[in-house]
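Data block below; observations after.
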Amino acid sequence: MKSILKYVTIALVGGFLSTPAQAEVMITGASCLPEGSYFSKRFENFVADVNEQGKGVIQINYLGGAPAIGDPFSVGLKIAKGAYDIGNCTGAYYQSALPIADVWKLLERTPDELRENGGWDYITRLHREVNLVPIARLHYGVPFHLYLGPDNKIDSPDLSGLHLRVSPIYTNFFQAMGATTQQTSSTDIFPLMENGTIVGYGWPITGMRPGWETVTKYRVDPGFYEVDFQLLVNAKMWDGLPQEARDLIQKIALEHEAKAGEQDAADIVSAQKKQIDEFGFEVIKFEGEEAEAWLKGAREAGWAGIAKINEEQAKELRKTFAKE
């Protein structure tokens with residue numbers, strides 16, 4: 001009997017020792033804006049941290065950013081379909097996968113507050129319906145502004161007669177204020193401004209591309225909406241990852257999110273100074289009733305657009321996203 005137990009013990013120990021270690025997982029990543037651009041850099045830093053800390057566990061093969069890898073408005077859809085596993089994208093750019101994702105721009109709370117009040121869980125459920133999961137937010141607290149060319153100074157929130165480049169983020173708002181609009185990739189802004197096809201464009205106060213300052217003269221204040229860049233994963237891929245890999249990605253993602261607010265606040269101050277001191281921009285600042293009309297126009301146009309997508313979901317989202 002002792003002999004049998006001896007051989008069983010040896011076999012079991014030998015089996016444990018010979019069991020191969022769990023293989024390192026390789027997943028693919030992409031950004032919906034150009035590689036190396038301001039709004040891709042934090043995702044790229046996140047990827048670098050995962051690849052450094054995740055050796056032997058998980059690695060991300062970063063394939064680059066749009067439009068070099070394809071249409072920027074298709075990146076989120078490709079994540080949902082599994083062409084990419086993880087990515088960096090703004091809600092307005094992945095409406096082809098989840099139309100209600102445009103609501104991210106209307107967030108008036110921090111990501112932590114949204115998690116505490118149940119809003120993050122709710123919007124995660126909506127994402128999971130299309131095989132996506134939002135893991136963290138890499139930018140928040142950065143407003144958008146309207147920028148205009150040298151011959152297009154305005155003195156009121158009325159945008160009638162202006163033809164502006166838009167993304168889906170502020171299309172409804174600019175149209176509600178009277179503008180005509182043209183949706184293009186952000187890489188088209190400079191040539192379209194230069195040749196006079198458009199006379200202005202919406203963009204966050206941070207992350208302006210080199211050269212835009214040569215065709216821009218005015219920034220309109222106050223800013224509106226909020227830059228949103230979510231760290232998205234394919235839900236099926238995410239659920240199938242080893243727990244160790246999920247925990248590592250989540251930990252690093254939340255570390256980057258925790259630093260984002262402070263980084264964005266500092267970058268806003270720097271961008272404001274640079275636009276005035278270096279670029280020579282002039283600020284068109286609405287105040288009093290005009291400022292109220294400008295901001296109300298943006299807010300209500302934004303929520304009206306979400307309600308058109310799904311009225312019931314819009315009501316639920318507004319409870320946790322807005323400060324009312």
Side-chain angles (χ1 to χ4, degrees), residues 16-66 68-70 72 74-91 93-94 97-98 101 104 110-112 114-115 120-121 123-124 127-128 130-140 227-264 267:
F16 288 140
L17 292 176
S18 63
T19 299
Q22 183 172 283
E24 181 181 79
V25 178
M26 176 67 74
I27 62 175
T28 57
S31 177
C32 69
L33 285 184
E35 182 173 357
S37 64
Y38 178 81
F39 290 111
S40 290
K41 284 181 179 177
R42 289 193 191 162
F43 176 65
E44 291 160 3
N45 291 338
F46 161 80
V47 169
D49 284 351
V50 169
N51 289 344
E52 175 62 29
Q53 299 179 40
K55 292 176 181 176
V57 178
I58 188 166
Q59 297 286 284
I60 300 174
N61 177 23
Y62 180 45
L63 303 177
I69 59 170
S74 71
V75 171
L77 182 61
K78 288 179 178 178
I79 296 171
K81 290 185 174 181
Y84 310 130
D85 297 310
I86 190 168
N88 168 64
C89 203
T90 176
Y93 277 37
Y94 64 93
L98 181 65
W104 284 115
T110 68
D112 281 344
L114 194 64
R115 291 187 180 95
W120 195 282
D121 286 341
I123 200 167
T124 295
H127 277 70
R128 277 193 169 274
V130 296
N131 200 35
L132 290 171
V133 178
I135 300 300
R137 185 148 169 161
L138 299 180
H139 284 275
Y140 61 91
V227 170
D228 67 277
F229 274 85
Q230 282 63 246
L231 183 60
L232 295 173
V233 295
N234 176 279
K236 185 176 181 180
M237 179 281 303
W238 180 250
D239 293 340
L241 282 179
Q243 188 64 47
E244 184 180 9
R246 284 202 304 272
D247 289 346
L248 181 68
I249 287 178
Q250 188 76 72
K251 177 184 80 73
I252 296 173
L254 292 179
E255 288 172 352
H256 280 262
E257 179 185 272
K259 295 183 292 185
E262 184 177 340
Q263 291 173 335
D264 283 328
D267 289 348

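What you see below is based on every heavy atom in this structure, not just the backbone, and it leaves out hydrogens, waters and symmetry mates. It should be emphasised that the depicted structure is a prediction, and the values quoted were computed from it without experimental measurement.
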CZ on R137 to OG1 on T90, rounded to 0.5 Å:
8.0 Å
How about D247 and Q243: does a side-chain donor come under 3.5 Å of a side-chain acceptor?
yes
Evaluate the side-chain proximity of I79 to M237: yes if any heavy-atom separation is below 4.5 Å, no if none is.
no
Any salt bridge between K251 and E255, counting N to O under 4.0 Å?
yes
The test is side chain to side chain contact (heavy atoms under 4.5 Å, CB included); show your working for L241 and I249 and say whether it passes.
CA-CA 10 Å; L241 282 179; I249 287 178; 4.2 Å; yes
Has E244 got more than 12 heavy atoms of other residues, nucleotides or ligands less than 6.0 Å from its CD?
no
Taking the side chain as C-beta and beyond, is there a heavy-atom pair between N88 and F46 under 4.5 Å?
no
Side chain proximity check, L231 to H256, heavy atoms < 4.5 angstrom:
no
Counting C-beta onward and ignoring hydrogens, is there a side-chain heavy-atom pair between Y94 and C32 closer than 4.5 Å?
no
For N61 and T28, test the side chains for any donor-to-acceptor distance below 3.5 angstrom and give the result as yes or no.
no
Would you say the side chain of D267 lies within less than 4.5 Å of the side chain of Y38, judging by non-hydrogen atoms?
yes
For the residue pair F43 and L138, establish whether any side-chain heavy-atom pair is separated by less than 4.5 Å.
yes
Using side-chain heavy atoms (C-beta onward) and a distance below 4.5 Å, is P134 in contact with W120?
yes
Check the side chains of R42 and H139 for a donor-acceptor pair under 3.5 angstrom, ignoring hydrogens and angles.
yes
For residues N51 and Y62, is any side-chain donor paired with an opposing acceptor at under 3.5 Å?
no
